[in-house]
Amino acid sequence: MISPKGSQLSPKLLSLLNTFEATLSERLEKLVPKDKGDILSLSWMKLAMESLSEIHCDINNLITELDLPVADWDEKWMDVYLDISVKLLDISNAFTSELTRLNQGHLMLQYVLHKLESDTPEQFTRASSSLDGWKQHISSKNPRIESCSPILDNLVESLNLPKVKNSSKGKVLMRAMYGAKVATTYICSVFAAAFSGSSTNLLDLTVPKTLPWAQGFSDVQTTVNVEIRNIFSCGKFTVLRELEAVDACVKKLSPFLQGGAGPTERESFKNSVSDLRTTEEKLAQGLDNLSKVVDRFFKIVLTGRDALLCNLRKAGGAGPNSMMGKNVKEQLVRVTVGGAKVSPFNDSLWRTWIPDDEYFKSNEGSTRVYFSGRIKYQEGGPSREIGPDNVYGSARLIKSKNASIHKMNLSWEFLVIEDYKYLVRLHFCDIASVSLGLLFFNVYVNGHLVYKDLDPSADTNYMLASPFYLDFMVDADNSGVVNVAVGPSNKSVAYAVDAFLNRVEIMKMNNSMGSFDGKVPAESVLKCQPRRKSGCILLPLIAPVCLLLSLSAFMRRRIDQEDSVPLSKLLVGVPETTPKNVRNSDIQLK
C-alpha cells in the first residue's frame with residue numbers, strides 16, 4: 001500500500017482509496033463483452049463512454065470526500081489536471097463532430113428509403129445516386145478526428161504517478177487520478193480508432209501489475225485490441241457494427257437499383273428495402289444514444305475542474321471566482337444553478353459561470369432540470385448580455401408529486417467578507433412548468449422573506465421560458481455568509497413546480513468606510529494624493545460625472561418601478577406594496 005514518506009495512510013484514506021480502485025476494476029471488467037462481435041458496436045461504445053463518465057464522477061466524489069487543504073496542493077498537480085481536462089474537452093468535441101457527421105449520413109439514408117418505398121421505377125435512379133453519395137460521405141475523413149492523434153500522444157506522456165511528499169491525501173488523489181487517466185486515455189484511443197477507420201490511434205498501455213485494477217484493465221485492453229485489429233485487417237467499408245449492417249443491406253439492393261426488379265424479384269426487393277429500414281433505425285438509435293453519453297462526459301469533465309477548485313475555496317484558497325482571496329476588489333461570483341460550467345467562449349461578455357454544487361445546501365427533494373428549447377427574451381427584460389441561453393437553460397426545482405406541497409426550501413450559502421455591501425441578483429426562467437399560472441413561490445435572503453407569492457407568469461407577460469431577475473442590496477453581517485432561498489408559498493399548487501432558481505450573481509459593492517479593499521475610506525486615499533496639476537483638474541471633474549451617472553441609473557430604475565419598497569418593511573416581513581416590475585426590484589436588506 002502506498003503511503004507518504006514517514007507516515008501511513010489513515011483508515012479513512014485507505015478505505016477511500018480501496019473503494020475507488022475496487023470500483024474502477026469493476027467498471028473496467030464490464031467492458032469485456034461476452035460476445036466479441038459486440039466490440040465496436042454503438043451499444044458497446046455507449047457502455048464504454050458511460051463507464052468513463054462514472055469513473056470521472058468517482059474522481060469528483062473522491063475530491064470532495066478528501067477535502068484537501070490548500071497546503072497539500074502543489075501547483076504542478078493543478079497544471080497537469082487542468083491541461084488534461086482541456087485535452088479531454090478537445091477530444092469530446094472531436095467525437096461529437098464525428099457523430100454529427102454520421103447523423104448527416106443518416107439523413108441521406110432516410111431520403112433513399114423515401115424514394116425506394118415510393119415503389120416507382122423513376123425513383124430508383126435517384127436512390128442509387130443518393131446511396132453513392134452516402135458511401136462517399138461515410139468514407140470521407142473528419143479533420144477533427146485526425147487531430148486526436150497528437151492529443152492522445154500528449155495524454156500518454158502524462159501517464160505517470162507523480163511523487164507526493166508529506167501529503168497522505170495528495171498521494172491518494174494522485175494514485176486515483178492515475179487510474180482514471182489510464183482508463184480515459186485508452187477508451188478515447190478506441191473511439192479515435194473506430195471513428196478514423198485506422199488502428200494507428202489504438203494504444204497498448206502498460207501499467208504496474210501491483211495496482212488492484214491492473215488485471216481488469218489488461219483483460220479489457222487485450223480482448224478489445226485483438227478484435228479491433230482483426231476487424232481492420234479484413235479491410236471492411238467501416239468498423240462500426242451498425243454501419244456495417246447498413247452497408248450489407250445497401251449491397252443487396254444494388255443489383256435491383258442497377259438492373260431493376262422484375263416481377264419475380266419484387267418480393268426480394270421489398271424484403272431488402274425492409275431490411276435497410278430496420279438497420280437504418282438501429283443505426284439512428286445507436287448514434288442518438290452515443291451522442292448523449294459523449295455530451296454527458298463533456299459536462300462531467302467541465303464540472304470536475306470546478307470540484308477541484310471548490311475544495312481550494314473551502315480551505316481558504318483564492319481560486320477563480322472565489323470571493324475569499326486577498327484581492328477582493330471588484331470580485332464577483334456567478335453561479336449557474338443545476339448546470340455545468342459556462343466558459344467565456346459561451347458568453348457574449350466573456351464571463352465564467354460556475355456550477356452551484358459547492359454552494360447548494362438542500363439536496364433532499366430537489367431536482368435538476370435542463371431545457372434545450374429557445375429562451376424567449378422579451379423587450380424590456382433581460383437580454384443575452386444579462387445571461388446567455390445555456391445559463392437560463394438549467395435550474396433546480398422542487399415539485400409536488402402528489403396532493404401535498406413540499407415543506408422545504410432550496411437554499412444556497414455564499415461566503416463573503418463582512419462589513420461590505422453586496423448586490424445579490426437572482427435569475428429566474430420557468431423552463432419546467434407545463435402550463436402558465438400554476439407556479440407561486442417565496443424568495444428569502446438571509447432568512448428574510450423578501451418576496452411573497454412570486455408569480456413568474458405575471459412577470460413575464462404570461463410566457464414560459466422567458467427570463468427575469470430580482471436585485472437585492474445586502475449588508476454582510478458578522479457571519480460572513482449570504483444565504484438565498486426559494487420555497488413554496490400558500491398559493492403553491494399540487495402536482496406542479498413549487499419553486500425554482502436558474503442562477504445567482506453576487507457582487508461586492510463597498511464597506512461601511514466607503515472602501516472596496518480594507519477599512520480605509522476612499523476619500524482619505526484621495527486626500528493623501530500629491531497635488532499634481534493633472535490630478536487637480538481630473539478629480540473634480542470625475543467625481544461629479546460619476547455622481548450624475550449613478551443618480552441617472554438610480555432614477556431610471558425607480559421610474560421603471562411603479563411601486564417602491566421601503567427598507568423598514570423588509571426587516572419585519574413582507575412589503576405591503578409589491579414591485580410589479582420584478583426585473584429591476586432593488587431592495588435594501590440587512
Side-chain angles (χ1 to χ4, degrees), residues 20-33 36 38-59 80-81 83-95 98 145-161 174-232 239-240 290 293-294 296-298 300-301 304:
F20 175 85
E21 293 190 322
T23 304
L24 175 60
S25 182
E26 291 174 3
R27 299 199 192 287
L28 290 171
E29 288 169 1
K30 288 180 181 179
L31 298 183
V32 180
K36 294 182 179 180
D38 291 337
I39 295 175
L40 289 193
S41 66
L42 294 177
S43 58
W44 181 86
M45 294 175 72
K46 173 177 175 286
L47 176 64
M49 188 56 69
E50 284 175 339
S51 297
L52 204 55
S53 296
E54 290 167 352
I55 291 169
H56 279 258
C57 284
D58 293 340
I59 282 288
V80 170
Y81 184 88
D83 182 59
I84 290 173
S85 65
V86 169
K87 289 180 172 61
L88 293 181
L89 293 176
D90 287 340
I91 287 180
S92 298
N93 282 329
F95 293 165
E98 178 62 11
I145 294 297
E146 299 300 315
S147 67
C148 288
S149 182
I151 297 177
L152 290 170
D153 290 340
N154 289 332
L155 286 174
V156 172
E157 292 174 3
S158 71
L159 291 179
N160 53 57
L161 271 169
M174 290 300 104
R175 175 157 156 170
M177 285 178 60
Y178 172 74
K181 286 191 295 182
V182 169
T184 301
T185 303
Y186 174 69
I187 292 175
C188 286
S189 79
V190 172
F191 273 62
F195 287 146
S196 66
S198 170
S199 61
T200 304
N201 289 320
L202 194 62
L203 296 175
D204 292 283
L205 302 178
T206 302
V207 299
K209 295 181 179 180
T210 55
L211 295 172
W213 49 268
Q215 187 59 49
F217 174 76
S218 177
D219 292 344
V220 173
Q221 182 172 249
T222 301
T223 303
V224 173
N225 283 8
V226 169
E227 181 62 21
I228 289 178
R229 290 189 170 105
N230 286 338
I231 295 173
F232 279 117
V239 296
L240 297 176
L290 185 55
V293 295
V294 170
R296 178 171 178 260
F297 175 69
F298 179 89
I300 289 172
V301 172

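Quick caveat: nothing in here was measured; it's all calculated off a predicted structure.
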Heavy-atom side-chain contact between [X] and [Y] under 4.5 Å:
| X | Y | value |
| --- | --- | --- |
| Y178 | N160 | no |
| N230 | K36 | no |
| F298 | L88 | no |
| L31 | S51 | yes |
| I39 | T223 | yes |

- [ ] For the pair I59 and M177, evaluate side chain to side chain contact (heavy atoms under 4.5 Å, CB included) and give the outcome as yes or no after the intermediate values.
- [x] CA-CA 7 Å; I59 282 288; M177 285 178 60; 4.0 Å; yes

- [ ] Could you go through the side chain to side chain contact (heavy atoms under 4.5 Å, CB included) check for R175 and L211 one step at a time?
- [x] CA-CA 10 Å; R175 175 157 156 170; L211 295 172; 3.8 Å; yes

Show every salt bridge (Lys or Arg N to Asp or Glu O under 4.0 Å) that has at least one partner inside [range], sequence neighbours left out.
| range | result |
| --- | --- |
| residues 179-201 | none |
| residues 46-57 | R27-E54, K46-E50 |
| residues 187-201 | none |

Working to the nearest 0.5 Å, report the span between [atom1] of [X] and [atom2] of [Y].
| X | Y | atom1 | atom2 | value |
| --- | --- | --- | --- | --- |
| I151 | D90 | CD1 | CG | 4.5 Å |
| L290 | W44 | CG | CH2 | 11.0 Å |
| L52 | L47 | CG | CG | 11.0 Å |
| N93 | L89 | CG | CG | 7.0 Å |

If every non-hydrogen atom of [X] is compared with every non-hydrogen atom of [Y], which pair is closest and at what distance?
| X | Y | answer |
| --- | --- | --- |
| I145 | F195 | CD1-CB, 3.9 Å |
| P208 | A214 | O-CB, 3.3 Å |
| K87 | L155 | CD-CD2, 4.0 Å |
| C148 | F95 | SG-CE2, 4.3 Å |
| S85 | V301 | O-CG1, 3.7 Å |

- [ ] Would you please name every residue forming a side-chain hydrogen bond (donor to acceptor under 3.5 Å, both in side chains) with S198, sequence neighbours left out?
- [x] T200

- [ ] Report the residues that fulfil side-chain hydrogen bond (donor to acceptor under 3.5 Å, both in side chains) with S41, sequence neighbours left out, ordered by chain and then residue number.
- [x] S43

Task: All ring pair (Phe, Tyr, Trp, His ring centres under 6.0 Å) counterparts of F217, not counting sequence neighbours - done: Y186

TODO: Could you pull out all residues at least two apart from F297 that satisfy ring pair (Phe, Tyr, Trp, His ring centres under 6.0 Å)?
DONE: H56

Who pairs with [X] by side chain to side chain contact (heavy atoms under 4.5 Å, CB included), at least two apart in sequence or on another chain?
| X | result |
| --- | --- |
| S149 | D153, N201 |
| S199 | F232 |
| D204 | N225, R229 |
| R296 | S53, C57, I300 |

Task: Reference residue L203; test side chain to side chain contact (heavy atoms under 4.5 Å, CB included); the match among L159, V190, T185 - done: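 So, applying the side chain to side chain contact (heavy atoms under 4.5 Å, CB included) to L203 and each of L159, V190, T185, only T185 qualifies.
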
Task: salt bridge (Lys or Arg N to Asp or Glu O under 4.0 Å) partners for E26, two or more places apart - done: none

- [ ] Kindly indicate, with the supporting measurements, whether the criterion side chain to side chain contact (heavy atoms under 4.5 Å, CB included) is fulfilled by I91 and L152.
- [x] CA-CA 9 Å; I91 287 180; L152 290 170; 4.0 Å; yes

Task: Distance-only polar pair, side chains of E29 and S25, donor-acceptor under 3.5 Å - done: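 Yes, S25 and E29 have a side-chain donor paired with an acceptor closer than 3.5 Å.
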
TODO: Apply side chain to side chain contact (heavy atoms under 4.5 Å, CB included) to the pair E98 and F191, showing each step before the final yes or no.
DONE: CA-CA 10 Å; E98 178 62 11; F191 273 62; over 6 Å; no

